[in-house]
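Below is one structure, written out as structure tokens; the observations come after it.
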Amino acid sequence: MTASNIRVRFAPSPTGGLHLGGVRTALFNYLFAKKNKGTFVLRIEDTDQGRFVPGAEQYIVDCLAWCGISPDEGPHKEGNYGPYRQSERKSSYREYAEMLIEKGFAYYAFDTPEELEKMRETFRSETNPSPQYDGKIRMKMNNSLTLSKERVDELLELGTPHVVRIKMPGATEIILRDMIRGEIAFNTDLVDDKVLLKADGMPTYHLAVVVDDHAMDITHAFRGEEWLPSAPVHLLLWDYLGWKNSMPEWAHFPLILKPDGQGKLSKRDGDRLGFPVFAMDWKDPKSDELTRGFKEMGFLPEAFINMLAMLGWNDGTGEEIFGLDQLVERFSIERIHKGGAKFDFEKAKWFNQEWIKRSETTRLLPLVKEILNKNGIHANDEVLERLIPMVKERCQLINDFIPQLSYFFKDPVEIDIEAVQSKWDQKKHSFFMDWIATLDAMESWEMANIESAFKEASALAGIKPGELQLPLRIMLVGAKFGPTVFDIAHQIGKQATTRRIENSLKLLAQ
RNA sequence: GGCCCGUUGGUCAAUCGGUUAAGACGCCUCCCUUUCACGGAGGAAUGAGGGGUUCGAUUCCCCUACGGGCUACCA
């Protein structure tokens with residue numbers, strides 16, 4: 001087990017809740033790193049102060065921890081490549097931007113936002129709805145390519161706001177080799193002069209990703225498909241900066257799409273369709289708006305991760321239930337799909353149910369206990385150890401343990417009396433009256449005894465036991481669900497059993 | 001509009017030129033159970049369209065259609 005020099009990173013922006021797609025990108029990075037005995041780095045891309053949201057970084061760290069895919073290095077776990085926040089690396093970017101200018105691969109641009117808007121307006125047309133700052137128009141703009149050296153120096157000296165743009169070469173074909181998609185060719189004539197360094201001195205993603213991937217010795221750069229169009233810029237930068245030989249291998253992951261309609265999955269879809277999109281609850285610090293997460297909705301992290309891994313990847317065997325260790329063992333970038341996958345919440349819940357079914361009681365107990373506590377039911381471990389195995393296969397979500405377990409602790413409030421009323425008669429009433437008396441006299445409260453007493457009494461009354469079981473269930477549980485009735489009676493005890501029967505008999509008598 | 005990526009049942013998907021085109025979710029039927037669930041047995045449902053290449057295309061190529069992404073001093 002020797003450590004390799006494989007290094008990958010997950011590089012989110014701390015702008016809000018951590019989205020499904022983000023977690024999957026992190027997961028695939030993690031799996032690849034672990035599979036290859038490499039290092040998984042977390043880098044915070046907080047270069048946009050306008051979108052920075054306090055608390056979002058800690059939230060990301062917490063989400064990854066919940067999922068069991070914590071980074072080996074990051075802002076909260078220092079390694080040899082820190083700092084891991086781009087805002088703290090700010091000073092390093094400008095020198096690279098200037099190096100590019102010196103080499104003639106980039107230039108200063110002094111155009112104001114208004115001038116840029118004006119440019120877009122004047123060049124906008126039917127055939128060109130979004131004009132770019134590119135090779136065709138850069139000579140018409142306010143930059144160090146069009147201004148005299150003296151004027152540029154003067155402007156810089158005056159502290160005039162400016163950006164640095166890459167000077168895209170003309171008529172060049174750039175080829176990206178993608179581990180999933182193979183070779184993809186781009187024509188540089190069609191790519192614009194992207195801003196590399198913003199007026200506030202912060203780099204854009206384009207510069208930062210290259211500088212930092214290089215600085216952090218990243219060997220494999222994986223990200224979402226939305227980055228494909230700007231890949232030629234990144235490729236060029238690796239070349240221009242003189243690092244071509246150490247450029248990482250690339251892979252662009254397919255997107256996770258909306259279950260209905262089209263487009264990539266967004267937080268709004270979750271709100272609209274009633275399922276979570278974020279890993280954990282996220283409370284926006286500005287609006288105080290709370291967005292529900294998979295964790296709080298009752299998902300096991302094992303299931304969440306498993307479901308995510310199978311969205312856009314599989315190992316070809318047809319097996320679907322994998323723990324993190326198995327995923328690490330079987331994972332391969334090459335088997336990731338090219339096409340996007342629509343998110344299916346029903347399937348997600350199925351994964352969770354499978355994991356609940358397979359989980360040991362000791363795994364489930366603290367989670368069940370917590371959720372019960374929140375709902376005013378304080379059960380001790382001993383009781384829960386008996387009860388959880390009885391109901392767990394009926395639960396898709398951890399939260400389902402509430403209805404499945406609460407009648408063991410509290411008499412049902414809502415009793416589906418209508419379910420028995422239509423077939424109710426005096427004979428059945430007498431049966432239950434008699435049976436209560438029998439129960440009362442019973443000295444050993446064991447399930448077998450309860451059941452045999454029930455069968456004997458029903459034979460005596462001349463009613464099929466089956467016809468009496470449903471009423472009994474309604475009396476004890478309040479509705480048509482739950483394990484064997486005699487099991488329930490046994491668990492809740494003699495007192496509760498007779499009390500619940502009596503209460504229901506009163507209701508039926510009305 | 002341009003550029004790029006994609007397209008096997010409703011959804012997730014296997015197949016890497018020759019299969020009755022797996023499997024899973026969901027749906028339906030039945031069995032187990034006079035509850036619900038689990039479990040078991042079945043069922044309906046798929047290669048976007050058109051050209052090639054080939055003895056043979058879901059698989060390779062081209063075109064079209066459709067879907068998606070990008071087209072910010074956001075990532």
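Below, chain A is the first sequence line, B the second, and so on; all start at residue 1.
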Please give, in whole Å, the distance from B:C73 P to A:Asn143 CG? 14 Å
Kindly say if A:Lys198 contacts the phosphate of B:C74, meaning a side-chain N or O under 4.0 Å from OP1 or OP2. yes
Can you see if the side chain of A:Asn187 gets near the phosphate of B:C3 - specifically, an N or O under 4.0 Å from OP1 or OP2? no
Report the distance from atom NE2 of A:His337 to atom C1' of B:C16, rounded to the nearest whole Å. 13 Å
Go through A:Lys480 and A:Asp416 one step at a time and tell me if the salt bridge (Lys or Arg N to Asp or Glu O under 4.0 Å) criterion holds. CA-CA 8 Å; A:Lys480 290 192 251 185; A:Asp416 185 10; 5.6 Å; no
Taking NZ from A:Lys258 and C1' from B:G69, how many angstroms apart are they, rounded to a whole number? 13 Å
Calculate the interatomic distance between A:Glu319 atom CD and B:A22 atom C1'; express it in whole Å. 14 Å
Looking across every strand, which nucleic acid part, if any, lies under 4.0 Å from A:Arg120 by heavy atom: base, sugar-phosphate, or nothing? sugar-phosphate
Hey, mind stepping through A:Arg358 and A:Glu302 against salt bridge (Lys or Arg N to Asp or Glu O under 4.0 Å) and telling me if it holds? CA-CA 11 Å; A:Arg358 286 156 202 251; A:Glu302 297 91 320; over 6 Å; no
Whole-Å distance separating the CG atom of A:Leu311 from the C1' atom of B:A24: 13 Å
Does a side chain donor of either A:His490 or A:Arg386 reach within less than 3.5 Å of an acceptor in the other side chain? no
Does B:C12 have OP1 or OP2 under 4.0 Å away from a side-chain N or O of A:Lys347? no
With a 4.0 Å limit, can you tell me whether A:Lys342 has a side-chain N or O closer than that to the phosphate oxygens OP1/OP2 of B:G10? no
